[in-house]
Amino acid sequence: MAIDSAIFRRSELLLGDEAMKHIAQKRVIVFGVGGVGSWCVESLVRSGIRQLTIVDSDRVCITNINRQLMATTKTVGQVKVEALKERLLTINPKAEITALQQIFSAETADSFQLETYDYIIDAIDSLKDKTTLILLACQTKAKLFSSMGAALKLDPTRIKVTEFWKVKGDPLARALRNKFKKDKVFPKRKFLCVYSDELLKNLGQNSTCGTEQCMCSKAKSGPGDQRLLNHEWCSSKAQINGTLAHITAIFGFMLAGLVIQDATKL
């Protein structure tokens with residue numbers, strides 16, 4: 001028995017052979033592989049997705065370890081998408097993983113060829129770039145699934161899925177809607193979001209790690225694209241909020257679940 005067939009025996013037992021073939025044929029692109037996106041892609045590959053593109057400009061910071069899948073004391077400083085790709089290929093060596101250390105923005109959007117994918121996963125933090133991705137993704141035939149804010153949450157039972165315009169209690173969704181209204185440009189179709197209406201306050205004081213391993217904008221060297229060394233690492237962000245692994249992982253797993261659920265509709 002081929003290794004890739006053996007890996008998915010339990011999945012095939014539940015879903016059937018035809019469904020697994022459908023899953024293997026789907027092309028997925030995930031924007032942002034941090035606390036949410038990293039768990040999403042892990043679940044996708046373990047569920048049988050074999051054609052996957054992962055996009056993120058950052059390197060692993062020691063402050064990522066508490067919630068990001070590929071972040072460990074051994075991967076600090078590595079390019080996130082490369083560290084994650086290495087892990088994913090140990091799960092399924094035959095998976096086709098394209099790792100892009102790039103920034104998604106209005107200026108770079110055309111290079112990603114969104115129209116060539118079956119599923120687009122939005123796990124972007126930046127409001128401006130998230131808005132751009134949503135608008136462009138909704139112009140393609142691909143299914144879009146989007147993550148709202150996963151920070152400042154503790155209660156996993158309050159995580160839900162609903163259509164974007166029905167999301168309540170989430171500041172990021174509210175900011176997106178306000179931006180669409182201000183710009184008078186709206187998504188051309190509906191899409192599902194993972195969100196939580198819980199909103200806690202930061203109780204601690206320190207936003208940076210305070211160690212030499214902090215991969216923030218003061219770093220002057222590092223692997224990967226040198227032009228990205230000063231791009232939005234942890235301590236250069238305007239606001240940093242507390243985040244926990246069980247929340248970000250559930251967000252990511254729910255996004256992956258939406259993909260697999262849709263891909264198995266025969």
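One-based numbering along the sequence shown. On a predicted model such as this, the values are computed, not experimentally measured, just so you know.
- Side-chain contact between Leu133 and Leu114: present, with at least one pair of heavy atoms (C-beta onward) separated by less than 4.5 Å.
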Applying side chain to side chain contact (heavy atoms under 4.5 Å, CB included) to Val41 and Leu69, what does each step give before you reach the verdict?
CA-CA 10 Å; Val41 299; Leu69 182 71; 5.7 Å; no
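- Proximity of Phe104 to Leu136: side-chain heavy atoms (C-beta onward) are separated by under 4.5 Å at one or more points.
- Here the side chains of Gln102 and Ser57 are not in contact, with every heavy-atom distance at 4.5 Å or above.
- Distance check: Cys40 SG to Ile121 CD1 gives 5.0 Å after rounding to the nearest 0.5 Å.
- Taking the charged nitrogens against the carboxylate oxygens, Arg9 and Glu12 do have a contact shorter than 4.0 Å, which makes a salt bridge.
- Between the side chain of Arg27 and the backbone N or O of Leu52 there is no donor-acceptor pair closer than 3.5 Å.
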Going through the distances and angles, do Phe112 and Leu100 end up as a side chain to side chain contact (heavy atoms under 4.5 Å, CB included)?
CA-CA 10 Å; Phe112 295 100; Leu100 301 177; 4.0 Å; yes
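- When all heavy atoms of Tyr119 and Ala142 are compared, the closest pair comes out as N-CB, 4.2 Å.
- Atom OG of residue Ser146 and atom CD of residue Glu163 lie 11.0 Å apart, to the nearest 0.5 angstrom.
- A salt bridge links Asp17 with Lys21: the distance from a Lys NZ or Arg NE/NH1/NH2 to an Asp or Glu carboxylate oxygen falls below 4.0 Å.
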Under the side-chain hydrogen bond (donor to acceptor under 3.5 Å, both in side chains) rule, what do Thr140 and Tyr117 come out as? Steps first, then yes or no, please.
CA-CA 9 Å; Thr140 73; Tyr117 292 92; over 6 Å; no
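- When every heavy atom of Ala137 is checked against every heavy atom of Arg189, the shortest pair comes out as O-NH2, 3.0 Å.
- Listed for the Gln78 side chain is no donor-acceptor partner under 3.5 Å among the backbone atoms of Ala83.
- To the nearest 0.5 Å, the span separating CD1 on Ile260 from CD1 on Ile23 amounts to 4.5 Å.
- Counting heavy atoms from C-beta on, the side chains of Val194 and Lys160 never come closer than 4.5 Å.
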Phe191 vs Phe145, test: ring pair (Phe, Tyr, Trp, His ring centres under 6.0 Å). Steps then yes/no.
CA-CA 6 Å; Phe191 59 96; Phe145 298 120; 9.3 Å; no
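- A heavy-atom distance below 4.5 Å is found between the side chains of Ile134 and Phe180.
- To the nearest 0.5 angstrom, Leu44 atom CG is 8.5 Å from Leu255 atom CG.
- Between the side chain of Arg46 and the backbone N or O of Ile7, no donor-acceptor pair lies under 3.5 Å.
- With hydrogens and angles ignored, the 3.5 Å screen pairs no side-chain donor or acceptor of Ser43 with any backbone N or O of Trp39.
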Mind running side chain to side chain contact (heavy atoms under 4.5 Å, CB included) on Arg87 and Glu42 for me, showing each step along the way?
CA-CA 9 Å; Arg87 176 181 170 85; Glu42 168 104 353; 2.8 Å; yes
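- Side-chain contact, Gln101 with Lys80: no donor N or O sits under 3.5 Å from an acceptor N or O.
- Heavy atoms only, all atoms of each residue included: Ala99 and Glu82 are closest at CB-OE2, 4.0 Å.
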Step by step, work out the side chain to side chain contact (heavy atoms under 4.5 Å, CB included) result for Asn92 and Lys94.
CA-CA 5 Å; Asn92 183 5; Lys94 292 191 176 182; 3.7 Å; yes
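- Here the side chain of Ser105 pairs no donor or acceptor atom with the backbone of Asp129 at under 3.5 angstrom.
- No path of Ile, Leu, Val, Met, Phe, Trp and Tyr side chains, each step under 4.5 Å between heavy atoms, connects Phe31 with Ile103, placing them in separate hydrophobic clusters.
- Looking only at side-chain heavy atoms (C-beta outward), Lys143 and Ile120 stay at 4.5 Å or farther from each other.
- Clustering ILVMFWY residues whenever any of their side-chain heavy atoms sit less than 4.5 angstrom apart, transitively, puts Val30 in the very cluster that holds Val81.
- Asp122 and Lys130 are joined by a salt bridge, as a carboxylate oxygen and a charged side-chain nitrogen come within less than 4.0 angstrom of each other.
- Checking each of Lys153, Lys168, Arg158 against Asp197 for a side chain to side chain contact (heavy atoms under 4.5 Å, CB included) leaves exactly one that passes, namely Arg158.
- Panel note: side chain Thr75, backbone Met70; a donor-acceptor pair is recorded below 3.5 Å.
- Between the side chain of Thr98 and the backbone N or O of Glu96 there is no donor-acceptor pair closer than 3.5 Å.
- Of all non-hydrogen atoms in Ile124 and Ser126, the two that sit nearest each other are CG2-N, 3.5 Å.
- Side chain of Arg174 to backbone of Val167: no donor-acceptor contact under 3.5 angstrom is found.
- Neither Leu199 nor Met148 shares a network with the other; the hydrophobic side chains, linked directly or stepwise wherever heavy atoms of I, L, V, M, F, W or Y lie under 4.5 Å apart, form separate groups for each.
- With rounding to the nearest 0.5 angstrom, the CD1 atom of Ile54 is 10.5 Å from the CD1 atom of Ile29.
- Tyr195 has its ring centre no less than 6.0 Å from the ring centre of Phe251.
- The local environment of CD in Glu86 is sparse, with at most 12 non-hydrogen atoms from other residues, nucleotides or ligands closer than 6.0 Å.
- The structure places OG of Ser196 at 10.5 Å from CG of Leu152, a figure rounded to the nearest 0.5 Å.
- Across Ala150 and Thr243, no two heavy atoms sit closer than the pair O-CG2, 3.8 Å.
- For the pair Gln51 (side chain) and Gln25 (backbone), a donor-acceptor distance under 3.5 Å is present.
- Side-chain contact between Leu89 and Ile97 is present, with at least one heavy-atom pair separated by less than 4.5 Å.
- In this structure, Leu258 is not a member of the same hydrophobic cluster as Phe164, with clusters built from ILVMFWY side-chain heavy atoms closer than 4.5 Å.
- Between the side chain of Thr248 and the backbone N or O of Val36, no donor-acceptor pair lies under 3.5 Å.
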